[in-house]
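What follows is a short report on a single structure.
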Amino acid sequence: MISSLRVVLGDQLSHRIAALRDLDPAQDVVLMAEVRAECTYVKHHKQKIVLVLSAMRHFAASLRRAGVRVEYVTLDDPANTHSLRGEVRRAVARYAPAKLVVTEPGEWRVLTDMQGWSDAAGIPVDIREDTRFFVSRREFAAWAGGRRTLRMEFFYRDMRRRTGLLMQGEQPAGGRWNFDAENRKRLPAKINTPNIPAFAPDAVTRAVIALVAAEFADHFGDLDGFAWPVTAAQAQTMLDDFCTHRLAQFGDWQDAMRAGDATLFHARISAALNMGLLDPRRVCEAAEAAWRNGAAKLNAVEGFVRQILGWREFIRGVYWRDMPRYAERNALGATRKLPDFYWTGDTRMKCVREAVTQTRASAYAHHIQRLMITGNFALLAGIDPAAVDEWYMIVYADAYEWVEMPNTRGMALYADGGIVGSKPYAAGGAYISRMSDYCNDCAYDVRDAVGARACPFNYLYWDFMARHARQLAGNPRLAMPLSSLQRMSTEKLVGMRHNAKQFLAALDR
Ligand code: FAD
Ligand code: DLZ
Ligand code: SF4
């Protein structure tokens, strides 16, 4: 008989996680379980499964080194029931704890299940708030409560004031809250991008790779080249490397894309952050320190801190405030099935092909590839948000529903009708051409909007605007394109809509 059983999930791998607070190594046991249900509720990219299971194994080892008793159930344990609930029950039967202690999970699906664990196991369950975030779910709901519309920018300013990050007294450092006007430049062809650290799989990771190759062979994604940080120390190396070699140029090239170069000046830390291997406060403080010691300019550091202190927290707040209704939102009535090329990369559109093949190889794409290539295409083509959500949940190593869904349904697809973003992020080929080198080597011509070689993003963009003109009419941020649409010659619009119709019909076949 033990005092309490502490459950740690695969994305809660922090020694400071709430479920481990006040743990008594003499009286308590930690339960960690590799279960098939979590590996297959969507068919995650193989690298994502390896990352989570390997990081879990390394974390369990670090707990044991600290003198903690860990009940660790491996995926190939013959007694494994392969669900979190089943493993909790089994451990309760084995250890007869007086209570269960858990940290609230990152997904609605798991929270509703967890709320039934007390009945299932016949003991009380203490579900503790996840303190890894700057704001709690309750605090966000209180902030959002009195507002007619939610805007990330105002939330972010409050977060700056509240945390004191990048503040000079009551004022934002440098006199402005947001330095985006200086960011997001086009990437010069000649600029060199730094190499990023690659973490060669150790024996633990190699064993998990073999397991995943055998058990989840039909899942999307390559296993070769697995190089993710699987421990807190490795994640810290990735962060340090970013602060030293990439942060200074993060702002300038934040929206740029280049064929064959997945990372550019991005941090590549989202998976580690979401799993608990990095702490968001420490990440923001490290970036702030780089500005204060002169290693990076304010436009870069502010742009980076905003992603974590602003967007990441805002997105999580929206998820928990609006679930489970949020998962049903489909404001633009999109119903098309997901094209096969999202899996195969077999398309003549170079930009989409590049994003998909890179994602298959590494389970990573940076924000603009996700938003303005695969997301933008799905928006313009009217793909069913449920299918798009599932794709993003599967293919990225950092995907957990609390962060994936508002980014996909809200930011990329406008399926939430404007909660996350104030307008659909719809764009034609000109945007992609400006921000990347993809169009130089594409079967389509980005300058054409009509005809056999016309870039599909061009005619799909105007077809999208025409389809939704009435619904989007009141949106001041779309006044310009909607007025261009009105002024467009009938001949041109009919030509583009004809191209769009044919292209979409081919997709449906
Ligand atoms: P950087 O560009 O270096 O940014 C630094 C950090 O800021 C990231 O590590 C991340 O923690 C945070 N961040 C940046 N933008 C966002 C954002 N919009 N929302 C939340 N955090 C943000 N991010 C996920 O962590 N998981 C997801 O499942 C996910 N799905 C997405 C789906 C779509 C359609 C879109 C458009 C974005 C999605 N994002 C998601 C947000 C963002 O694209 C990734 O966080 C980012 O690309 C991760 O790479 P990085 O660490 O190099 O980020
Ligand atoms: C993503 C994931 C995977 C692939 N496997 C496991 C697992 O075997 N055991 C576990 O505890 N957690 C896993 N996870 C993470 C969970 O899916 C995650 O904790 C929930 O989705 C809540 O965010
Ligand atoms: Fe993508 Fe169009 Fe450029 Fe081809 S021409 S890479 S389809 S934007």
Side-chain angles (χ1 to χ4, degrees), residues 7-12 32-41 44 48-49 51-53 56 73 75 82 84 87 105-107 109-111 152 242 246-247 250 254 263-275 278 280 283 303-316 347-354 364-375 377-378 388-389 392-393 396-413 420 425 428-433 436 438-448 453-458:
V7 183
V8 174
L9 303 178
D11 56 353
Q12 300 179 338
M32 297 180 70
E34 299 174 359
V35 294
R36 197 165 264 283
E38 291 307 304
C39 297
T40 56
Y41 70 93
H44 304 286
K48 179 178 177 188
I49 304 181
L51 170 60
V52 174
L53 302 194
M56 285 175 70
V73 185
L75 199 73
H82 287 296
L84 293 172
E87 287 316 289
E107 303 194 348
R109 166 188 73 83
V110 183
L111 180 62
M152 194 290 295
F242 168 71
R246 284 168 278 152
L247 174 58
F250 174 84
Q254 194 179 341
T263 309
L264 297 169
F265 296 94
H266 290 269
R268 239 181 142 118
I269 56 165
S270 47
L273 266 171
N274 297 348
M275 294 168 71
L278 284 173
V283 173
F304 178 73
V305 166
R306 182 167 7 103
Q307 306 311 312
I308 295 174
L309 182 63
W311 277 113
R312 188 169 182 269
E313 298 283 326
F314 180 77
I315 286 283
R316 176 175 182 262
T347 164
R348 297 199 305 146
M349 291 178 285
K350 164 88 175 178
C351 50
V352 177
R353 188 167 71 239
E354 183 77 14
Y364 176 81
H366 75 61
H367 188 67
I368 295 303
Q369 292 177 293
R370 299 188 203 196
L371 183 64
M372 301 309 291
I373 306 292
T374 43
F377 184 88
V388 187
D389 254 336
Y392 279 97
M393 271 302 295
Y396 291 115
D398 57 24
Y400 296 90
E401 199 177 84
W402 66 267
V403 56
E404 175 280 325
M405 188 177 277
N407 267 303
T408 303
R409 265 182 204 252
M411 196 183 298
L413 300 182
V420 167
Y425 280 94
Y431 173 87
I432 297 171
S433 173
S436 79
Y438 298 146
C439 306
N440 302 343
D441 181 25
C442 181
Y444 296 106
D445 191 333
V446 74
R447 293 162 304 184
D448 289 351
R453 284 205 66 220
C455 165
F457 281 88
N458 289 338

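For ligands, and for the atoms within them, numbers begin at 1 and follow the listed sequence.
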Distance from [atom] to nearest protein heavy atom, with residue and atom:
atom                    : value
atom 28 (O) of ligand 1 : Ala399 CA, 3.1 Å
atom 11 (O) of ligand 1 : Leu273 CD1, 3.4 Å
atom 51 (O) of ligand 1 : Ile269 N, 2.9 Å
atom 47 (O) of ligand 1 : His367 N, 3.3 Å
atom 30 (N) of ligand 1 : Arg370 NH1, 3.6 Å
atom 3 (O) of ligand 1  : Ala267 N, 2.8 Å
atom 45 (O) of ligand 1 : Ser270 CB, 3.9 Å
atom 31 (C) of ligand 1 : Asn407 CB, 3.6 Å

If the cut-off is 4.0 Å to any non-hydrogen atom of [X], which atoms of ligand 1 fall inside it?
X      : answer
Arg268 : 50 (P), 51 (O), 52 (O)
Asn274 : 24 (C), 25 (O), 26 (N)
Leu371 : 36 (C)
His366 : 47 (O)
Ile308 : 6 (C), 7 (O), 12 (C)
Met411 : 18 (N)
Val403 : 20 (C), 23 (N), 24 (C), 25 (O), 26 (N), 27 (C)

[X] versus [Y]: any side-chain heavy-atom pair under 4.5 Å?
X      : Y      : answer
Leu264 : His366 : yes
His82  : Leu75  : yes
Leu273 : Arg312 : yes

For Tyr41, the ring pair (Phe, Tyr, Trp, His ring centres under 6.0 Å) test, sequence neighbours excluded, returns His44

Donor-acceptor pair, Gln12 side chain versus Leu9 backbone, under 3.5 Å?
yes

- Looking only at atom types and distance, does a side-chain atom of Tyr444 sit under 3.5 Å from a main-chain N or O of Phe457, one as donor and one as acceptor? no

> Got an N/O contact under 3.5 Å between Thr408 and ligand 1?
Replying inline: no

Q.
Using a 3.5 Å cut-off on N or O atoms only, is Ile315 in polar contact with ligand 1?
A. no

Here the gap from Asp448 atom CG to Asn458 atom CG, rounded to the nearest 0.5 Å, amounts to 8.0 Å

Here the gap from His367 atom NE2 to His266 atom NE2, rounded to the nearest 0.5 Å, amounts to 9.0 Å

Which atom pairs, nitrogen or oxygen on both sides, join ligand 2 and the protein at under 3.5 angstrom?
unit_1: ligand 2; atom_1: 8 (O); unit_2: Val35; atom_2: N; d: 2.9
unit_1: ligand 2; atom_1: 9 (N); unit_2: Ala33; atom_2: O; d: 2.8
unit_1: ligand 2; atom_1: 11 (O); unit_2: Gly10; atom_2: N; d: 3.1
unit_1: ligand 2; atom_1: 12 (N); unit_2: Gly10; atom_2: N; d: 3.2
unit_1: ligand 2; atom_1: 17 (O); unit_2: Glu38; atom_2: OE1; d: 2.6
unit_1: ligand 2; atom_1: 19 (O); unit_2: Asp11; atom_2: OD1; d: 2.7
unit_1: ligand 2; atom_1: 21 (O); unit_2: Glu107; atom_2: OE1; d: 3.2
unit_1: ligand 2; atom_1: 21 (O); unit_2: Glu107; atom_2: OE2; d: 3.4
unit_1: ligand 2; atom_1: 21 (O); unit_2: Arg109; atom_2: NH2; d: 3.2
unit_1: ligand 2; atom_1: 23 (O); unit_2: Asp11; atom_2: OD2; d: 2.6
unit_1: ligand 2; atom_1: 23 (O); unit_2: Gly106; atom_2: N; d: 3.3

Note on atom 1 (Fe) of ligand 3: protein N/O/S atoms within less than 2.8 Å are Cys351 SG

Please verify whether a non-hydrogen atom of [X] lies at under 4.0 Å from ligand 1.
X      : value
Phe304 : yes
Tyr392 : yes
Phe250 : yes
Ala365 : yes

Filtering Met152, Glu313, Gln307, Arg306 for the heavy atom nearest atom 7 (O) of ligand 1 leaves Gln307

If you compare Asp398, Val420, Thr263, Ile373 by their heavy atoms, the one closest to atom 27 (C) of ligand 1 turns out to be Asp398

From the list Arg370, Arg268, Lys48, salt bridge (charged side-chain N to carboxylate O under 4.0 Å, His left out) partner of Asp398 resolves to Arg370

Q. If you count the non-hydrogen atoms of other residues, nucleotides and ligands that lie under 6.0 Å from CZ in Arg36, is the total more than 12?
A. yes

Going by the 4.0 angstrom heavy-atom rule, the piece of Tyr364 near ligand 1 is side chain

- Query: Are the charged groups of Lys350 and Asp441 less than 4.0 angstrom apart, N to O?
  - Reply: yes

Of Asn407, Thr374, Thr408, the one forming a side chain to side chain donor-acceptor pair (under 3.5 Å) with Tyr392 is Thr374

Across all chains, not counting sequence neighbours, the side-chain contact (heavy atoms from CB on, under 4.5 Å) partners of Ala267 are Phe242, Ile269, Phe304

